[in-house]
**Q** 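Take this structure first; my questions come after.
In what follows, residues are counted from 1 in the order of the sequence shown.
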Amino acid sequence: MSCNPGLGVPRRVGASPHRRLRRRCCSPTSPSVSIHWNSTTRCRTVRRSGDVVELREVLQALRASWWLVVAGALVGALAALGVSLLQTPLYSSQTQLFVSATDTVTTSDAFQGSQLSAQRVASYANLLTGKRLAGLVIKDLGVSETPSQLASQITATAVTDTVLLDVTVTDPSPDQAQRIARSVGDQFSELISELENPGGADSVSPVRVRVTDQASLPTSPSSPKTPRNVALGLLVGLLLGAAGAIARVRLDRTVKDAEDASDLAGGPVIGVILRDDDLASNHTIERNSLSRTAEGYRQLRTNLQFLNVDEPPKVIMVSSAVPSEGKTTLAVNLALSLAEAGRTVTVIEADLRRPRVTRYLGMVGGVGLTNILTGSAGLEDVIQPYGDGGLSVIAAGPTPPNPSELLSSSHMFSLIDDLRQKNDFVLLDAPPLLPVADSSGLAVLVDGVVLSLRYGSTTKEQLAQTHATLERVGAKTLGVVLNIVPPKAEVTSAYGYGYNYGYDPDPAAPKTS
């Protein structure tokens, strides 16, 4: 198998079988190419990507942050309703004016008069909203507004391809709106006669303006249009909420997708552990439990045993990028699950700074690993059996001043080699990889590393940096476990296992209402 030269270059050949498998993989040479891990071939496949947001991503974002969309719609509707209620209701009264020529004896005169009327209509629309007409209306009605204020209440529109003028008067009072609209029609007719007849009474105005539709009394406010405003506010809020939901997902740098986790960690997602309140308080699952969390650990156990059939990993370090990622709970319950399947397992409390294994299992933690590494005690003196199965525990022991040196020492290598011969699996609960260097030296002594990744907490940068740390020391990443996943989150492992398969009820069992 060879790489596509347009997409990448061959990766370097390592010493381990894992790296020999990866020698046929390619590294990206273009920023538009992304690498994706294949759990079967242990190679990463190349896929081109752009900045275009796919419909699937948009739907996932809206589904994940549906509450933000609903909140945006509600806020928009309530804001529009509030603004509408605070506005003063206005009433509109309409009247219509007809412009015609006065002297149309012959057909030619009628045609010329029609052209004259059409030419005048556009100018008359401006006169209707002018201060001169407003002054005449004020004088006629005796209202207190200034000409500028009254002119702002009048709108006039010339009806296209006609000699009609539509006039609308808006006022807080429906009666006043009607009075002003009727006065506008009367006063405008007189104003046009005066303007078009500069010669006085001896001459005849060529244009005449008549009122065709008298202003009526408005019965309902013309503004604010509360239903329309609420609908628009709802729509705008809905769009803003959707945009916020999409932006929230796009700007979220935490890992929530199995594919992203696999890409960044350089290994497949081998397990999905759901968030469990009982597990958070007790830290261990009950034996033969049928809960979804217990089933997740059993699936992890199965996946771990079949990662490499020819050379299955026996000594496994469980770690995380940063603290509070659930690594110790993962190590403890994975060990219990393996022991439940009849495997002999030893758990080493290798987190010498913050040991938690013995506390979670309710065991004594006085002496342990540090005593073995410093030569003050033997393995048989500190190893503790747990329960009635094949699980044993080596506590951390006294806190040393130099944990990094102890964990990467030759004594640690000898201890691991000894436990490898006596157990089916050896699990090491190691410190987080990024804050301290303890786990970096320990990672090269084991068969592989399982990373605990907390859903929605571990960032993509932290996971990528963790992968780079392991690659720098030549450690092998067996896989990633998505930990503390909300039950409603749509996440599946790289093996495609979901949680929709339940137990078939006993047909002989009595039915309950």
**Q** My understanding is that only residues two or more places apart in sequence, or in another chain, count here; which of them pass salt bridge (charged side-chain N to carboxylate O under 4.0 Å, His left out) with D381?
**A**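 Checked D381 against salt bridge (charged side-chain N to carboxylate O under 4.0 Å, His left out); zero matches.
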**Q** Can you sort out the partners of S223 under side-chain hydrogen bond (donor to acceptor under 3.5 Å, both in side chains), two or more places apart, ordered by chain and number?
**A**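 Expected list: none.
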**Q** Ignoring hydrogens and angles, tell me if any N or O in the side chain of R343 forms a donor-acceptor pair with the backbone of D424 under 3.5 Å.
**A**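 No.
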**Q** Applying side chain to side chain donor-acceptor pair (under 3.5 Å) as the test, list every pair that has at least one member in residues 270-285; sequence neighbours left out.
**A**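 Only D276-T293 qualify under side chain to side chain donor-acceptor pair (under 3.5 Å).
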**Q** Which residues satisfy the salt bridge (charged side-chain N to carboxylate O under 4.0 Å, His left out) test with E461, sequence neighbours excluded?
**A**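 R253.
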**Q** Donor-acceptor pair, S337 side chain versus L334 backbone, under 3.5 Å?
**A**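 Between the backbone of L334 and the side chain of S337 there is no qualifying donor-acceptor contact (under 3.5 Å).
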**Q** Return the set of residues passing side chain to side chain contact (heavy atoms under 4.5 Å, CB included) with S376 (not counting sequence neighbours), or none when no residue passes.
**A**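 Expected list: N371, T374.
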**Q** Ignoring hydrogens and angles, tell me if any N or O in the side chain of T129 forms a donor-acceptor pair with the backbone of T155 under 3.5 Å.
**A**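 No.
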**Q** Applying salt bridge (charged side-chain N to carboxylate O under 4.0 Å, His left out), name anything that partners R420, two or more places apart in sequence or on another chain.
**A**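 Checked R420 against salt bridge (charged side-chain N to carboxylate O under 4.0 Å, His left out); matches are D447.
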**Q** Please answer whether the main-chain N or O of M363 pairs with a side-chain N or O of Q384 as donor and acceptor at a distance below 3.5 Å.
**A**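 Checking the backbone N and O of M363 against the side chain of Q384, no donor-acceptor pair under 3.5 Å is found.
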**Q** Please list all pairs meeting side chain to side chain donor-acceptor pair (under 3.5 Å) that have one or both residues in residues 352-369, counting only residues at least two apart or in different chains.
**A**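 The answer is E349-T358, R353-D438.
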**Q** Applying salt bridge (charged side-chain N to carboxylate O under 4.0 Å, His left out) to E295 and R298, what does each step give before you reach the verdict?
**A** CA-CA 5 Å; E295 198 62 36; R298 294 189 186 103; 3.3 Å; yes
**Q** How long is the straight-line distance from CD of Q87 back to OG1 of T226, given to the nearest 0.5 Å?
**A**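 Here the interatomic distance stands at 8.0 Å.
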**Q** Look only at the side chain of S262 and the backbone of V269, and say whether a donor-acceptor pair between them is shorter than 3.5 Å.
**A**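 Such a contact is absent between S262 side chain and V269 backbone.
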**Q** In chain order, what residues pass the side chain to side chain contact (heavy atoms under 4.5 Å, CB included) check against L234, with sequence neighbours excluded?
**A**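 Partners of L234 under the side chain to side chain contact (heavy atoms under 4.5 Å, CB included) test: A73, A77.
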**Q** Which residues satisfy the side chain to side chain contact (heavy atoms under 4.5 Å, CB included) test with A331, sequence neighbours excluded?
**A**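 Partners of A331 under the side chain to side chain contact (heavy atoms under 4.5 Å, CB included) test: V318, D429.
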**Q** Counting distance only, does the side-chain N/O of K327 pair as donor-acceptor with the main-chain N or O of A430 below 3.5 Å?
**A**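 Flag set: sc K327 to bb A430 pair under 3.5 Å.
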**Q** Only counting residues at least two apart or in another chain, list the ones meeting salt bridge (charged side-chain N to carboxylate O under 4.0 Å, His left out) with D417.
**A**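 Applying salt bridge (charged side-chain N to carboxylate O under 4.0 Å, His left out) to D417 gives none.
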**Q** With sequence neighbours left out, write down each residue that passes side chain to side chain contact (heavy atoms under 4.5 Å, CB included) with V70, or none if nothing qualifies.
**A**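 Partners of V70 under the side chain to side chain contact (heavy atoms under 4.5 Å, CB included) test: W66, L74.
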**Q** When you measure from the side chain of R454 to the backbone N and O of I484, does any donor-acceptor pair fall under 3.5 Å?
**A**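 No; judged by distance alone, with no hydrogens or angles, the pair does not exist.
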**Q** I'd like to know if the side chain of N483 reaches the main chain of S452, judged simply by a donor and an acceptor atom lying under 3.5 Å from each other, with no hydrogens or angles considered.
**A**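 A pair under 3.5 Å: no.
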**Q** Report the residues that fulfil side-chain hydrogen bond (donor to acceptor under 3.5 Å, both in side chains) with N402, sequence neighbours left out, ordered by chain and then residue number.
**A**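 Residues passing side-chain hydrogen bond (donor to acceptor under 3.5 Å, both in side chains) with N402: none at all.
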**Q** If we ignore hydrogens and angles and just use 3.5 Å, is the side chain of D257 paired with the main-chain N or O of D260 as donor and acceptor?
**A**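 Yes.
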